[in-house]
Undergrad: 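Here it is, the structure in full.
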Amino acid sequence: MPFRPRLLLLLPHLRRHRSSPCPPVRAWRPRSYYPSAAAEVTESEEDAAVFCRDTRAPPSIGRIAAGEPRVGCNGRGAGEEDDDEEEVERKVRAVARIEHCHELLRERRWREMRAALAQLVTEQGSGSAATLCDILWNRFRECDSNSCVWDALANSYARSQMVHDALYVLSKMSSLNMQISVFTYDSLLHGLRMTGMALELFEEMESCGVSPSEYSHSILINGLCKQDKVGEALSFLQDARKEGKFKPLGMTFNILMSALCNWGFVQSAKSFLCLMLKYGLVPDRYTFSTLIHGLCKVGSMEEALTLFERVTKEGMELEIVTYNSLINGYRLLGLTREIPKIIQMMRGQGVEPDLVTYTILIAGHCESGDVEEGMKVRKDVLDQGLQLNIVTYSVLLNALFKKGMFYEIDNLLGEIYNIGLDMDVIAYSILIHGYCKLGEIEKALQVCNAMCSSQRVMPTSLNHLSILLGLCKKGLLVEARWYLENVARKYQPTDVGFYNVVIDGYAKIGDIVNAVRLYDQITVAGMHPTIVTCNSLLYGYCKIGDLQLAESYFKAIQLSGLLPTAVTYTTLMDALSEAGEVNTMLSLFDEMVAKRIKANAVTYSVVIKGLCKQLRFDEAINVLKDMDREGINADPITYNTLIQGFCESENIQMAFHIHDIMLCRGLVPTPVTYNLLINVLCLKGKVIQAEILLESLREKGIKLRKFAYTTLIKAQCAKGMPINAVLLVGKLLDAGFEASIEDFSAAINRLCKRQFAKEAFMFVPIMLSVGIYPDTQIYCVLGRALQKNLPGLSTCHLVMECEIPMYQQRCHPD
């Protein structure tokens with residue numbers, strides 16, 4: 001166990017008191033007045049504990065000092081200095097209350113004595129320990145019951161969370177060789193359990209000869225677990241067991257099992273169940289609920305259900321919390337369809353679902369993308385007469401924002417307003433973030449103003465960052481700068497994060513002048529730019545194409561003491577790659593590796609792109625292999641970069657080979673992947689293969705982009721395959737894409753150039769059916785092509801052929 005300083009050494013004022021002159025007294029080993037008791041037991045248990053105290057009075061200190069007057073229990077003393085009137089009155093009240101406590105103690109009325117001391121401590125407040133200790137020592141030290149009052153006073157301070165006062169009283173008691181009860185130690189341990197002083201106090205207690213109660217270990221273990229120091233809690237338990245001092249309680253094991261389950265160590269938690277049985281303890285429903293919760297958290301639903309069924313068959317009635325754990329377990333696995341079965345099982349056991357149950361169910365539907373079903377559950381809950389809380393509404397709002405369902409969002413906000421539900425900081429944050437992400441910055445600002453006006457919650461730094469990001473994303477840099485200055489003036493943030501967002505916004509639009517000005521503003525304000533700030537400026541220099549300045553700034557970053565990251569190197573490497581300086585880029589990559597800066601997938605994609613541009617495909621493939629050796633998983637963008645390189649060099653075989661490698665490694669090709677492959681097939685004149693590929697992708701349900709369809713349609717028209725092109729246009733429309741006049745014009749032009757005028761004319765009815773009317777250019781192209789193929793056909797006849805269906809369409813759109 002690491003060295004820990006003694007408790008009293010941490011409190012200098014206590015150490016000074018110890019060194020004050022005091023007449024010699026005979027050595028007396030203190031021991032506890034009380035048997036085992038807990039810091040949080042009932043008053044009746046406290047009384048029972050206090051009645052069993054040792055009736056022997058502790059030795060008086062300083063009674064034999066020459067010239068000192070004898071002091072009795074009547075509260076009269078000599079030689080006191082005059083205080084101001086208010087202080088005197090306060091002390092008089094305290095003296096009267098303490099004297100009353102002694103009277104109650106003589107009558108063995110422990111409950112009333114403790115209540116009176118608790119009231120006294122509340123009245124005197126924090127920092128009053130010195131005054132009350134003075135009174136006890138100077139006025140009541142001759143009373144036989146005085147040491148009991150000292151102990152109860154320390155206990156009262158501890159239970160009132162006045163920890164420093166309690167420590168002061170304990171220090172005085174220790175210096176006066178007064179006994180400190182284990183009950184008082186337990187109360188103070190409970191007050192200090194979330195601090196590092198708890199273990200130190202426990203050691204102090206043992207060193208004073210006070211044996212821990214059965215609750216002492218539980219209090220300390222509980223504190224360590226709540227501080228996420230589960231390892232220390234386990235070590236403490238192991239040491240206590242080895243020394244034979246551990247007093248087993250079910251509560252102790254439950255605390256440890258809960259902590260282990262929360263960290264995901266369910267198997268370790270289960271081992272404590274066996275240890276409980278070994279000690280002869282009977283697991284209660286809290287024990288089993290904890291284990292079921294842990295199993296659900298790690299996804300072991302089958303084992304959780306087996307344990308649940310076994311426990312219920314044995315007659316143990318589990319609370320709704322356990323059912324909610326099972327429901328939440330299914331939600332975490334995405335098995336929302338199983339939740340109604342658990343709800344039915346609940347009702348079969350006579351347990352009705354509560355608001356938490358329905359909130360988990362709604363969250364499950366929303367997380368699976370079925371927000372409509374989540375809204376239906378909400379309606380069912382409201383129909384039952386239950387009122388949703390802000391947590392449930394927050395879940396729904398978050399899901400609606402992800403779907404961009406503004407109408408439903410407005411209705412839900414109206415519902416929240418009508419029932420008078422107070423928004424919390426999470427709900428406000430969801431609104432601000434959601435509106436910003438959807439580009440509704442004005443609404444986000446309105447929410448932020450409403451948040452400030454509520455006077456209950458204030459915008460967080462994340463809220464301000466969301467608004468700044470939203471403004472910069474829309475290119476509203478003037479407004480972002482104004483908002484930044486307003487926030488800086490009002491809240492005076494010391495974090496450069498706000499400034500980094502706006503500097504990055506300037507850099508992305510190439511406004512390096514304003515980016516540098518804002519950078520200077522940071523330094524003038526005494527803030528320190530971070531590597532994120534410098535990365536944004538470096539990107540700005542690369543954006544405007546000033547490679548010389550970018551390289552100079554990169555060197556300045558290295559000299560500044562800031563550590564460049566993978567982003568720093570990748571930004572400059574990408575600019576060098578775009579400028580064709582691939583060898584310089586590779587040198588920079590080697591420098592990055594030499595400095596042990598771990599490259600990411602984007603870095604490797606940049607290197608591969610640069611090599612492919614110079615047709616250095618063998619080196620590019622080797623870089624892909626290096627990624628695999630380094631344990632970096634290449635993403636679809638990396639493979640697309642390589643595929644694009646092969647497509648641009650019209651190497652179809654290698655392009656499809658890289659596609660096959662993607663599939664073998666479990667990656668899902670993106671629509672960009674298939675755009676590239678279909679495009680290269682069409683460029684090489686392999687239109688039939690492109691048709692087969694596109695049709696197979698449609699049959700597999702793979703979502704394609706419009707580009708894939710239009711690329712193939714143009715190739716079909718160029719190859720003189722008009723019927724195929726017309727059919728593919730129909731498939732494009734069936735897939736939900738909107739065809740533009742430019743799409744039809746491209747197809748018609750290609751067909752007419754290849755003398756397919758009649759077939760080109762087939763596109764006109766399709767255009768009209770989707771509400772697109774041919775323009776003058778299309779008329780001219782079709783007219784010239786038809787006249788060339790059919791010399792007898794007049795332009796007037798062509799116009800009539802086109803105008804009649806157009807007129808019918810306009811008059812009868814249905």
Undergrad: May I have the step-by-step check of side-chain contact (heavy atoms from CB on, under 4.5 Å) for Phe744 and Val764, ending in yes or no?
TA: CA-CA 9 Å; Phe744 286 108; Val764 175; over 6 Å; no
Undergrad: Around atom CD of Gln777, are there more than 12 heavy atoms from other residues, nucleotides or ligands closer than 6.0 Å?
TA: no
Undergrad: Yes or no on ring pair (Phe, Tyr, Trp, His ring centres under 6.0 Å) for Tyr674 and His659, after CA distance, side-chain angles and deciding distance?
TA: CA-CA 9 Å; Tyr674 294 115; His659 167 262; 5.6 Å; yes
Undergrad: I would like to know whether Lys758 and Met762 meet side-chain contact (heavy atoms from CB on, under 4.5 Å); could you show each step before the answer?
TA: CA-CA 7 Å; Lys758 282 187 177 180; Met762 294 168 61; over 6 Å; no
Undergrad: Please indicate whether Lys703 has more than 12 foreign heavy atoms, meaning atoms of other residues, nucleotides or ligands, lying under 6.0 Å from its NZ.
TA: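 Atom NZ in Lys703 is not packed in, count stays at 12 or less.
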Undergrad: Might you point out which heavy atoms bring Pro722 and Leu751 nearest each other, and give the distance in Å?
TA: CB-CD2, 3.7 Å
Undergrad: Please confirm whether the backbone N or O of Leu477 pairs with a side-chain atom of Arg481, one donor and one acceptor, at under 3.5 Å?
TA: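 Not a single qualifying donor-acceptor pair exists.
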Undergrad: So, are Asp574 and Lys609 salt-bridged, with charged N and O less than 4.0 Å apart?
TA: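 Salt bridge: yes.
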Undergrad: Determine yes or no for a side-chain-to-main-chain donor-acceptor pair under 3.5 angstrom, with Asn749 supplying the side chain and Ser745 the backbone.
TA: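 Yes, because the side chain of Asn749 sits within donor-acceptor range (under 3.5 Å) of the backbone of Ser745.
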Undergrad: Is Lys613 salt-bridged to Glu578, going by a charged N under 4.0 Å from an acidic O?
TA: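 Looking at Glu578 together with Lys613, the answer is yes, because their closest N to O distance falls below 4.0 Å.
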Undergrad: Has the side chain of Ser769 got a donor or acceptor atom that lies under 3.5 Å from a matching backbone atom of Ile766?
TA: yes
Undergrad: Give a yes or no on whether the backbone of Ser740 and the side-chain of Asp743 come within a donor-acceptor separation of less than 3.5 Å.
TA: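 At least one qualifying donor-acceptor pair exists.
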Undergrad: Let me confirm one number: the SG-CG distance from Cys647 to Leu681, rounded to the nearest 0.5 Å.
TA: 8.0 Å
Undergrad: Report the C-alpha distance between Lys686 and Glu691 in whole Å, list the side-chain angles of each, state the deciding distance to 0.1 Å, and finish with yes or no for side-chain contact (heavy atoms from CB on, under 4.5 Å).
TA: CA-CA 9 Å; Lys686 300 181 180 293; Glu691 286 179 343; over 6 Å; no
Undergrad: Is the side chain of Thr710 donor-acceptor paired with the backbone N or O of Lys706 at a distance under 3.5 Å, no angle test?
TA: yes
Undergrad: Mind running side-chain hydrogen bond (donor to acceptor under 3.5 Å, both in side chains) on Thr670 and Asn640 for me, showing each step along the way?
TA: CA-CA 8 Å; Thr670 65; Asn640 287 346; 3.0 Å; yes
Undergrad: Given side chains that start at C-beta, do those of Ile778 and Met767 come closer than 4.5 Å, heavy atoms only?
TA: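 Contact flag for Ile778/Met767 side chains = yes.
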Undergrad: Is it the case that atom CD in Glu738 sees more than 12 heavy atoms from other parts of the structure closer than 6.0 Å?
TA: no
Undergrad: Would you name the heavy atoms of Ala747 and Ile713 that are closest together and state the gap between them?
TA: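 In this case the closest contact between Ala747 and Ile713 is CB-CG2, 4.2 Å.
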Undergrad: Using the salt bridge (Lys or Arg N to Asp or Glu O under 4.0 Å) criterion, which residues pair with Asp511? Sequence neighbours excluded.
TA: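 Asp511 satisfies salt bridge (Lys or Arg N to Asp or Glu O under 4.0 Å) with no residue once adjacent residues are dropped.
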Undergrad: Using a 6.0 Å cut-off, check whether atom CD1 of Ile426 has over 12 heavy atoms from anything other than its own residue.
TA: no
Undergrad: Would a distance-only check, ignoring hydrogens and angles, find a side-chain to backbone donor-acceptor pair under 3.5 Å from Arg754 to Ala718?
TA: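 A pair under 3.5 Å: yes.
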Undergrad: Can you find a heavy atom in the side chain of Ser461 that is under 4.5 Å from one in the side chain of Phe498?
TA: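 The answer is yes, as the side chains (C-beta and beyond) meet within the 4.5 Å cut-off.
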Undergrad: Side-chain contact, heavy-atom cut-off 4.5 Å: Asn535 with Ile531?
TA: yes
Undergrad: Can you list every ring pair (Phe, Tyr, Trp, His ring centres under 6.0 Å) pair that touches residues 621-658, not counting sequence neighbours?
TA: Phe617-Phe646
Undergrad: Kindly compute the distance separating CG (Leu693) from CD1 (Ile678), expressed to the nearest 0.5 Å.
TA: 5.0 Å
Undergrad: State whether a side-chain donor-acceptor pair under 3.5 Å links Thr584 with Ser587.
TA: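 No, no side-chain donor-acceptor contact under 3.5 Å.
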Undergrad: Glu695 versus Leu697: any side-chain heavy-atom pair under 4.5 Å?
TA: no
Undergrad: Just distance, no hydrogens or angles: give the donor-acceptor pairs under 3.5 Å from side chains in residues 463-475, sequence neighbours left out.
TA:
residue: Asn463; atom: OD1; partner: Thr460; partner atom: N; Å: 2.8
residue: Asn463; atom: OD1; partner: Thr460; partner atom: OG1; Å: 3.1
residue: Asn463; atom: ND2; partner: Ser429; partner atom: OG; Å: 2.9
residue: His464; atom: ND1; partner: Tyr483; partner atom: OH; Å: 2.8
residue: Ser466; atom: OG; partner: Leu462; partner atom: O; Å: 3.0
residue: Lys474; atom: NZ; partner: Gly439; partner atom: O; Å: 3.1

Undergrad: Would Glu551 and Lys555 pass as an ion pair if we require N to O under 4.0 Å?
TA: no
Undergrad: Any side-chain to backbone donor/acceptor pair from Thr711 onto Ala708? Under 3.5 Å, distance only.
TA: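 Answer holds: no.
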Undergrad: Hey, mind stepping through Ile512 and Tyr506 against side-chain contact (heavy atoms from CB on, under 4.5 Å) and telling me if it holds?
TA: CA-CA 6 Å; Ile512 195 66; Tyr506 281 128; over 6 Å; no
Undergrad: Just grab all the ring pair (Phe, Tyr, Trp, His ring centres under 6.0 Å) pairs involving residues 557-600, residues at least two apart or on different chains.
TA: Phe554-Tyr569, Phe589-Tyr604
Undergrad: Using every non-hydrogen atom in the two residues, find where Leu538 and Thr568 come nearest and quote the distance to one decimal.
TA: CD2-O, 3.4 Å
Undergrad: Take a 6.0 Å sphere around NZ of Lys443 and say whether it holds more than 12 heavy atoms from other residues, nucleotides or ligands.
TA: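 Yes - once you tally the heavy atoms of other residues, nucleotides and ligands closer than 6.0 Å, there are more than 12.
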Undergrad: Going by heavy atoms in the side chains, are Val502 and Leu518 under 4.5 Å from each other?
TA: yes
Undergrad: Any side-chain heavy atom of Arg698 sitting closer than 4.5 Å to one from Lys731?
TA: yes
Undergrad: Pairs under 3.5 angstrom only: tabulate donor-acceptor contacts from the side chains of residues 621-635 to other protein residues two or more places apart or in another chain.
TA:
residue: Asn622; atom: ND2; partner: Asp618; partner atom: O; Å: 3.2
residue: Asp626; atom: OD1; partner: Arg629; partner atom: NH2; Å: 2.0
residue: Asp635; atom: OD1; partner: Ile637; partner atom: N; Å: 3.3
residue: Asp635; atom: OD1; partner: Thr638; partner atom: N; Å: 3.0
residue: Asp635; atom: OD1; partner: Thr638; partner atom: OG1; Å: 2.8

Undergrad: Quick one: pull up CD1 in Ile430 and CG in Asn398 and give me the separation to the nearest 0.5 Å.
TA: 5.0 Å
Undergrad: Say you draw a straight line from OG1 of Thr603 to CE of Met573; how long is it, rounded to the nearest 0.5 Å?
TA: 6.0 Å
Undergrad: If I compare all heavy atoms of Leu438 with all of Gly404, which pair ends up nearest, and what's the gap?
TA: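 The pair with the smallest heavy-atom distance is CD1-CA, 4.1 Å.
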Undergrad: Look only at the side chain of Lys297 and the backbone of Asn262, and say whether a donor-acceptor pair between them is shorter than 3.5 Å.
TA: yes
Undergrad: Can you tell me if Glu619 and Gln614 form a side-chain donor-acceptor pair at under 3.5 Å?
TA: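 No pair is found: no donor N or O on one side chain lies under 3.5 Å from an acceptor on the other.
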Undergrad: May I have all residue pairs that pass ring pair (Phe, Tyr, Trp, His ring centres under 6.0 Å) and include part of residues 689-717, sequence neighbours excluded?
TA: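 For residues 689-717, and leaving out neighbouring residues, the ring pair (Phe, Tyr, Trp, His ring centres under 6.0 Å) pairs sorted by first residue read Tyr709-Phe737.
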Undergrad: For the atom pair CG (Asp504) and OG (Ser536), what is the distance rounded to the nearest 0.5 Å?
TA: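 One finds 3.5 Å between CG of Asp504 and OG of Ser536.
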Undergrad: In the structure I gave you, are the side-chain heavy atoms of Lys595 and Gln558 within less than 4.5 Å of one another anywhere?
TA: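 In short, these two side chains touch, coming nearer than 4.5 Å.
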Undergrad: Taking the side chain as everything from C-beta on, heavy atoms only, tell me whether Val266 gets closer than 4.5 Å to Ser300.
TA: no
Undergrad: Output the distance between atom CD1 (Ile409) and atom CG (Leu396), rounded to the nearest 0.5 Å.
TA: 11.0 Å
Undergrad: Looking at Glu302, I want to see if its CD is surrounded by more than 12 non-hydrogen atoms of other residues, nucleotides or ligands under 6.0 Å.
TA: no
Undergrad: Tell me the closest heavy-atom pair linking Leu712 and Cys682, and the distance in Å.
TA: CD1-SG, 3.8 Å
